[in-house]
There are 2 protein chains.
Amino acid sequence: MSYLMASDTTSIKCGECPIRHRAVCSKCEPNELTSLDSLKYYRTVEAGQTIVWCGDEMDFVASIVSGIATLSQTMEDGRTQMVGLLLPSDFVGRPGRAQAAYDVTATTDVTLCCFRKKPFEELMMRTPHIGQRLLEMTLDELDAAREWMLLLGRKTAREKIATLLAIIIRRDASLNLKADGGPLEFDLPLTREAMADYLGLTLETVSRQVSALKREGVIELRGKRHIIVHDMDRLLEETGDDSDGGILT
Amino acid sequence: MSYLMASDTTSIKCGECPIRHRAVCSKCEPNELTSLDSLKYYRTVEAGQTIVWCGDEMDFVASIVSGIATLSQTMEDGRTQMVGLLLPSDFVGRPGRAQAAYDVTATTDVTLCCFRKKPFEELMMRTPHIGQRLLEMTLDELDAAREWMLLLGRKTAREKIATLLAIIIRRDASLNLKADGGPLEFDLPLTREAMADYLGLTLETVSRQVSALKREGVIELRGKRHIIVHDMDRLLEETGDDSDGGILT
DNA sequence: GTATGGCATTGATCAGGATCAAACGGACAA
DNA sequence: TTGTCCGTTTGATCCTGATCAATGCCATAC
């Protein structure tokens with residue numbers, strides 16, 4: 001259930017990237033890693049910029065090195081739904097597909113470690129491990145999408161907010177390290193609008209529910225983005241998930 | 001975008017199964033197909049029965065041969081959300097995972113072509129094509145899940161119903177054959193309750209919206225399940241999707 | 001025939017979020 | 001300092017879909 005941290009232990013760093021590339025792993029031969037290293041180049045994108053638009057030709061795949069990006073879909077009349085949240089070490093793009101299926105947007109400044117697609121695909125053909133790793137990652141993403149579907153279809157606004165906070169805490173590796181200390185503190189990496197797009201709500205409802213959690217003493221706000229969790233157990237209860245359902249375990 | 005029919009053209013039948021097993025393909029060596037054939041056994045499940053419960057040990061993977069099954073998640077208080085709809089030739093189960101992550105339920109009588117998991121995984125190791133095929137299929141499912149997220153998060157009840165009908169029509173191969181004839185007719189493979197669980201609605205809302213489409217002459221009902229589409233264009237408009245967005249194209 | 005049980009439809013009412021609108025607050029620039 | 005901009009908060013009201021409840025329909029069993 002801790003879908004995005006699975007098998008991180010066997011992934012490896014490449015070259016000067018400060019992250020683990022989850023698409024390759026310690027089982028790969030050194031010469032495969034070397035050829036991967038020779039393919040890569042970096043790209044930086046400013047907060048708020050769109051990295052690729054839905055329908056664009058995409059001639060690369062990439063790992064997020066730093067920052068946060070989102071995948072989202074927009075209807076003709078402007079309604080938008082986020083369908084993916086990408087944190088450092090997550091993979092962007094799809095081998096075997098020429099056009100982007102979603103808008104990819106940087107919500108903070110983002111650095112990508114890109115691989116040109118054609119050579120990457122060729123490397124993948126020669127290196128079964130990479131394909132297997134990609135299959136594992138895709139299955140994990142599918143699980144995440146299905147948990148997200150439960151949230152979108154059946155949870156109340158209150159439960160949605162609590163779940164989002166729990167997910168952000170769970171996925172931010174730096175937070176898990178100090179999980180047993182005092183009150184948990186972190187900066188929300190998303191605007192209220194982005195949270196709304198994640199949760200299938202309006203930004204007003206998001207704001208009201210965050211205020212309610214604050215009023216009830218579950219969390220404290222410093223500024224608009226910095227959150228201090230005073231009652232993690234209560235927050236987890238509010239998610240509506242099974243208490244033993246994997247979060248933070 | 002026609003996510004579940006992709007690459008069907010290269011998939012092959014095995015033995016006496018009347019369906020294509022999308023996990024294997026015409027690129028596979030005959031001896032690989034033979035070993036696959038030697039692994040398989042059949043299992044039938046009655047309508048309404050649960051095939052596996054979330055959390056159960058699963059010692060097999062399978063293709064749906066006939067009938068329709070669903071994947072769903074249930075919260076402690078009974079709210080349930082469908083997260084997958086499985087039609088003939090769809091794949092059930094996950095190599096590399098011991099326990100089922102969702103309830104799998106037969107909504108009609110179902111026949112499965114099962115493969116014991118361990119030998120299937122070993123075959124997969126020896127046969128890169130199968131892993132690649134599985135990756136493609138998983139990516140397609142991920143796309144389907146993300147389209148579903150847009151539906152759950154941002155569409156109105158009316159749009160949800162129209163979209164569900166369009167999806168059923170699109171995915172039922174037998175319907176696409178006669179797509180250019182007169183009015184399209186088919187039997188709904190789901191109860192009103194299952195439709196509600198698919199769409200994140202209550203069954204009453206589903207019933208009301210179906211009645212509304214009937215009242216407006218878009219569809220006609222014979223009995224409770226048999227549907228005749230009188231105005232396909234209108235139905236597609238009501239989905240809220242881009243008119244050119246892939247449905248039936 | 002009547003009874004039963006499982007779906008489905010329809011109605012009346014309620015409430016959770018959406019919508020529309022105004023005001024707030026901090027960062028930054030002039 | 002003041003003004004502007006952007007993201008956010010808060011308020012008032014509306015509306016879609018949920019909830020609760022009754023009835024209908026049809027197949028099967030007695």
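Chain naming here is simple, since letters A, B, ... match the order of the sequence lines and numbering starts at 1 in each.
- Protein atom CZ of A:Arg154 is 13 Å distant from nucleotide atom P of D:dG17, rounded to whole Å.
- Among residues at least two apart or in separate chains, ring pair (Phe, Tyr, Trp, His ring centres under 6.0 Å) pairs with a member in residues 137-161 of chain A are A:Trp148-A:Tyr198.
- If you measure from atom CG of B:Leu152 to atom P of D:dG17, you get 13 Å, rounded to the nearest angstrom.
- The separation between B:Ile161 atom CD1 and D:dG17 atom C1' is 12 Å, rounded to whole Å.
- Looking at residues two or more places apart in sequence or on another chain, you find no side chain to side chain donor-acceptor pair (under 3.5 Å) involving A:Ser207.
- Contact annotation: A:Thr202 side-chain N/O to C:dA18 OP1/OP2 distance is under 4.0 Å.
- Applying the salt bridge (Lys or Arg N to Asp or Glu O under 4.0 Å) test to pairs two or more places apart or on separate chains, those with a residue in residues 228-237 of chain A are A:Glu216-A:Arg234, A:Arg234-A:Glu238.
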Practice task
Any chance you could list the contact pattern along nucleotides 4-16 of chain C? Use B for base contacts, S for sugar-phosphate-only contacts and - for none, protein heavy atoms under 4.0 Å, 5' to 3'.
Solution key: ----SBBBB----
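- Applying the salt bridge (Lys or Arg N to Asp or Glu O under 4.0 Å) test to pairs two or more places apart or on separate chains, those with a residue in residues 196-214 of chain B are A:Arg154-B:Asp197.
- The distance between atom NZ of A:Lys155 and atom P of D:dA18, rounded to the nearest whole Å, is 18 Å.
- Residues in residues 52-62 of chain A take part in these side-chain hydrogen bond (donor to acceptor under 3.5 Å, both in side chains) pairs, two or more places apart or across chains: A:Glu57-A:Gln99.
- Ionic pairing of A:Asp143 and B:Arg94 is present here: one or more N-O contacts between side-chain nitrogen and carboxylate oxygen are shorter than 4.0 angstrom.
- Atom-to-atom, CG of A:Asp187 to P of C:dG26 comes out at 16 Å; the value is rounded to the nearest Å.
- Between B:Leu201 atom CG and D:dT16 atom C1' there is a gap of 11 Å when expressed in whole angstrom units.
- Among the protein residues, A:Gly48 comes within range of no part of the nucleic acid, since none of its heavy atoms lies under 4.0 Å from any strand.
- We find that CZ of A:Arg79 is positioned 15 Å from C1' of C:dG17, with the value rounded to whole Å.
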